[in-house]
Number of protein chains: 2
Amino acid sequence: MVLPGGARSGVSQLRRGILQFCVLAMLRDGEKYAFELVRELCDAHGLVTSEGTIYPLLSRLRKEGWVNTVWKESDSGPPRRYYTLTPTGRRALAEFAEEWGPFKTAVDGLLDREGSRE
Amino acid sequence: MVLPGGARSGVSQLRRGILQFCVLAMLRDGEKYAFELVRELCDAHGLVTSEGTIYPLLSRLRKEGWVNTVWKESDSGPPRRYYTLTPTGRRALAEFAEEWGPFKTAVDGLLDREGSRE
DNA sequence: CGGCAGTACCATGCGATACAAGGTACCTGC
DNA sequence: GCAGGTACCTTGTATCGCATGGTACTGCCG
C-alpha cells in the first residue's frame, strides 16, 4: 500500500469520469503526447496522475473516435504518439462542459450552505 | 439496459466519490432517512440517484463511522432508519470541501479557457 | 377480503475507471 | 554494454454508481 498521498484521499475518486475530459480540453490547444499530458496534469493542475491512468484512458478515447494519433520521431528518445482532437471529441468536450456547470453548481449549493454555524 | 437518460451520459461517472459527500452535506442540516435523501437529490439538486445507489453508500458511511442511525416508527408506512452525522463525518465533509475547491478550480481552468473558438 | 400501489428497507451483479505494478524499446553518458 | 531517463503499453485490483429484484408494512378500491 503506502500511497504517496495523491491517491489516498478522496480526490482520486473525484477524477472519475472527469479526467478524460480534462485530457480532451488539453488537446484543444494542439497536439500532445501522453507523457506530456501526465506532466502537465501533475505539475500545472494538481491533478496527480500516473501513466497507468493515462494510457488506458487514451486508448479508450481513441476507440471512441474522440482523438486521432500520429507517430512522430523524436530527436532525443523513442518516437512519440501525438494525440489530436477529432470533431466528435470536440463535441463530446462541449457536451461535458454543459453538464459540468449545473453539476458544479449543485455540489457547491450543497457544500457552501453554511446553515449550521453551531 | 435501456437507460432512461440519466445514467447513460457522462454525469453518471461524475458522481463518483462526490455523492457520499453530498449526502453528508444534506445530513448536516439534521437527520434524514434514505428515501428522503433520494428524493431531495433527485428533485432539488438534479443529481439523479436511485435507491440502489443510496443504500450501499449509506452502508459504507456507517461502516466508516461517519454517520449514526436510529430506527423510528412512522405513522404511515414501515419504520424508517434515520441517519445523523458523527463528528468524524463532519470532519470528513470539511476535508472534502477543502479538496473540492481546488479541484473545481483546476477543472474550470481547463474547460473555461475559450482559447480556440474555431 | 384480496390484490395493487406506495413507502421503506436491503442485497447482488455488472460496468466503468483510476491506479499500481510490471514489461518493452530507444537514447545518452560513463 | 550497462545504468538511467524517456516513452510506450498491458494486466490486475479496488471502488462505486446503478439496475434489478426481494421483503415488509400501510391504505385504497373493487
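Order of the sequence lines fixes the chain letters, A, B, ..., with proteins taken first and strands second; residue numbering starts at 1 for each chain. These numbers come from the heavy atoms of this one structure, side chains and all, not from hydrogens, waters or symmetry mates.
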What's the [atom1]-[atom2] distance between [X] and [N], to the nearest Å?
X     : N      : atom1 : atom2 : answer
B:W71 : D:dA24 : CH2   : P     : 13 Å
A:I54 : C:dC19 : CD1   : C1'   : 11 Å
A:D75 : C:dT28 : CG    : P     : 9 Å
A:F21 : C:dA18 : CZ    : P     : 10 Å
B:Q20 : D:dG17 : CD    : C1'   : 11 Å
A:E73 : D:dT6  : CD    : C1'   : 14 Å
B:K63 : C:dC10 : NZ    : P     : 13 Å
A:L37 : D:dC9  : CG    : P     : 12 Å

- Given C:dA18, D:dT10, D:dC18, which nucleotide is nearest the side-chain atoms of A:S59?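 Within the option list, the nearest is D:dT10.
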- Would B:R60 and B:Q20 count as having a side-chain donor-acceptor pair, cut-off 3.5 Å? yes
- Message: Holding to ring-ring contact (aromatic ring centres under 6.0 Å, His included), I want the full list of residues that pass it with A:F103, two or more places apart in sequence or in another chain.
- Response: none
Looking at side-chain heavy atoms only, is the closest gap between [X] and [Y] below 4.5 Å?
X      : Y     : result
B:L110 : A:F21 : no
A:T88  : A:R91 : yes
B:V70  : B:T84 : no

- Rounded to the nearest 0.5 Å, what separation is found between the CG atom of B:L27 and the CG atom of B:L61?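 That separation rounds to 8.0 Å.
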Using nucleotides 4-8 of chain C, report all nitrogen or oxygen pairs with the protein that are shorter than 3.5 Å.
residue : atom : partner : partner atom : Å
C:dA8   : OP1  : B:Y33   : OH           : 3.1
C:dA8   : OP1  : B:R80   : NE           : 2.6
C:dA8   : OP1  : B:R80   : NH2          : 2.2
C:dA8   : OP2  : B:Y33   : OH           : 3.1

- Nearest heavy-atom neighbours spanning B:A92 and B:L24: CB-CD1, 4.5 Å
Report, one pair per line, the protein and nucleotides 13-15 of chain D atoms (nitrogen or oxygen only) whose separation is under 3.5 Å.
residue : atom : partner : partner atom : Å
D:dT15  : O2   : A:R16   : NH2          : 3.4
D:dT15  : O2   : B:R16   : NH1          : 2.7

- Message: Has B:T69 got a side-chain atom pairing as donor or acceptor with B:Y82's backbone, closer than 3.5 angstrom?
- Response: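 No; zero donor-acceptor contacts below 3.5 Å.
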- Is it true that a side-chain atom of A:T86 and a backbone atom of A:W66 form a donor plus acceptor pair closer than 3.5 Å?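 Present.
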- Message: Please tell me if A:T53 has a side-chain N or O lying less than 4.0 Å from either OP1 or OP2 of C:dA18.
- Response: no
- Message: Counting only side-chain nitrogens and oxygens, does B:S50 get under 4.0 Å of the OP1 or OP2 atom of D:dA19?
- Response: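 For D:dA19, OP1 or OP2 has a side-chain N or O of B:S50 closer than 4.0 Å.
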- Any pair with a residue in residues 69-82 of chain A that passes salt bridge (charged side-chain N to carboxylate O under 4.0 Å, His left out), sequence neighbours left out, goes on the list, sorted by first then second residue, please. A:E31-A:K72
- Starting from Watson-Crick (N1-N3 plus N6-O4 or O6-N4) and G-U wobble pairs under 3.5 Å, report the runs of at least three that DNA chain D belongs to. C:1-30 with D:1-30
What donor-acceptor contacts under 3.5 angstrom involve side-chain atoms of residues 35-44 of chain B, with partners at least two apart or in another chain?
residue : atom : partner : partner atom : Å
B:E36   : OE1  : B:Y33   : N            : 3.2
B:E40   : OE2  : B:K32   : NZ           : 3.4

